> 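First, the structure itself, so that you have it in front of you.
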Amino acid sequence: MLVEGVERWRQADVEKHLAPVMSEMPPDTTLALFAREENRISAPAAVHEAVRSAGGQVVSQMTVKPWELAGWVREQAARVGVSLDAAAAKALVAQVGERQQRLLRELEKLALEGEETHAGGAARAIGVEDIEGRGCPIRRSGRPSRWPTRSLQEPSARRRCRICGCASRASDCPA
């Protein structure tokens, strides 16, 4: 079961309704509770206690500040077996944008590309040239960069890649 909006629950309601149900839940049941915690808003402590007492895990994932993204990208790159220098991490953030999920997908693509060309257990080193040499630049807004203005009568003006919006078809897209 997936439940979102846990940050809006009240402490007393969690203790009264959720905690007893979670203690009786079958062991093969998966319950995922999502809360968007910010400075003033957080999930009630009783939710954390109920999850831990039921044998579950409390995992916290904080949004990374924009100025900390390059460091975060380097940490995530190391997890997937890619070594990025600071300039390459900044270039990737500039090219892909600030959404962590998109950055992770790009790092996974880099890791998969490296499996084909890089043998051995060492992390594949990637520099700025490798990042900038990749196709389909995406702006910070997450939208493709501006395309040249074309006549609407041209068939190529209507066929854009569905993945990133580049001029190639989705099957030919380098992204």
Side-chain angles (χ1 to χ4, degrees), residues 1-113 123 126 131 134-147 160-166 170 173 175:
M1 288 190 292
L2 297 173
V3 181
E4 292 187 27
V6 176
E7 73 276 2
R8 294 186 299 258
W9 293 359
R10 294 186 183 134
Q11 180 86 6
D13 293 338
V14 171
E15 292 169 351
K16 182 179 178 183
H17 300 291
L18 182 68
V21 172
M22 285 184 69
S23 63
E24 297 172 5
M25 205 173 277
D28 59 340
T29 302
T30 301
L31 175 64
L33 304 171
F34 293 95
R36 295 186 192 275
E37 296 184 332
E38 296 177 3
N39 295 338
R40 295 180 300 151
I41 303 169
S42 64
V47 171
H48 296 269
E49 293 170 19
V51 168
R52 286 189 185 105
S53 67
Q57 297 176 338
V58 175
V59 179
S60 160
Q61 218 176 21
M62 302 303 287
T63 303
V64 180
K65 306 288 186 224
W67 57 88
E68 298 171 343
L69 272 174
W72 180 85
V73 165
R74 291 184 74 190
E75 290 173 11
Q76 299 306 312
R79 284 186 178 174
V80 297
V82 175
S83 174
L84 288 177
D85 59 20
K90 288 178 183 177
L92 186 64
V93 171
Q95 190 177 62
V96 175
E98 296 177 354
R99 291 186 56 196
Q100 291 173 277
Q101 198 65 29
R102 282 193 179 162
L103 288 165
L104 283 174
R105 296 299 79 86
E106 288 301 316
L107 290 172
E108 289 169 356
K109 288 178 195 176
L110 287 168
L112 289 172
E113 290 170 5
I126 296 178
I131 299 296
R134 300 192 65 183
C136 303
I138 298 178
R139 293 169 36 159
R140 286 183 175 263
S141 65
R143 296 187 182 120
S145 59
R146 291 197 175 260
W147 304 311
R160 294 280 178 199
C161 171
R162 291 185 200 140
I163 298 170
C164 68
C166 68
C173 177

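Keep in mind that this is a model prediction, so the values were computed, not measured. Because only heavy atoms are used, hydrogens play no part in the values below, and waters and symmetry mates are left out as well, while side chains stay in.
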> Might you point out which heavy atoms bring Glu7 and Arg36 nearest each other, and give the distance in Å?
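In terms of heavy atoms, the two residues are closest at OE1-N, 3.0 Å.
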
> So which atom in Ala50 and which in Met22 form the shortest heavy-atom distance, rounded to 0.1 Å?
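Where Ala50 meets Met22 most closely, the heavy atoms are O-CE, 3.7 Å.
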
> Going through the checks in order, is the side-chain contact (heavy atoms from CB on, under 4.5 Å) test met by Ile131 and Leu110?
CA-CA 9 Å; Ile131 299 296; Leu110 287 168; 3.9 Å; yes

> Any chance you could measure Glu15, atom CD, to Trp9, atom CH2, to the nearest 0.5 Å?
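Those atoms lie 13.0 Å apart.
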
> Could you check Leu107 against Leu92 for side-chain contact (heavy atoms from CB on, under 4.5 Å), going step by step and ending with a plain yes or no?
CA-CA 9 Å; Leu107 290 172; Leu92 186 64; 3.8 Å; yes

> Mind listing the closest non-hydrogen atom pair of Val6 and Ala43 along with its distance?
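Looks like CG1-CB, 4.2 Å.
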
> If I compare all heavy atoms of Ala89 with all of Val73, which pair ends up nearest, and what's the gap?
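Looking at all heavy atoms of both residues, the shortest contact is CB-CG1, 4.1 Å.
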
> Going from CD on Gln76 to CD on Glu108, what distance comes out if it is rounded to the nearest 0.5 angstrom?
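Going from the CD atom of Gln76 to the CD atom of Glu108 covers 9.5 Å.
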
> Looking only at non-hydrogen atoms, find the nearest pair between Gln11 and Ala45 and report the distance.
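Distance-wise, the nearest heavy atoms are OE1-N, 3.2 Å.
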
> Quick one: CD on Glu75 to CZ on Arg79, what's the gap to the nearest 0.5 Å?
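One gets 7.5 Å once the value is rounded to the nearest 0.5 Å.
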
> Quick one: pull up CZ in Arg74 and CG in Asp85 and give me the separation to the nearest 0.5 Å.
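Going from CZ on Arg74 over to CG on Asp85, the span is 6.5 Å.
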
> I would like to know whether Leu69 and Gln100 meet side-chain contact (heavy atoms from CB on, under 4.5 Å); could you show each step before the answer?
CA-CA 8 Å; Leu69 272 174; Gln100 291 173 277; 4.3 Å; yes

> Check Ile126 against Ala88 and note the closest heavy-atom contact, atom names and distance.
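Heavy atoms only, the tightest pair is O-CB, 3.6 Å.
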
> Atom CG of Leu18 and atom CD of Glu49: how far apart are they, to the nearest 0.5 Å?
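Interatomic distance, Leu18 CG to Glu49 CD, rounded to 0.5 Å: 11.5 Å.
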
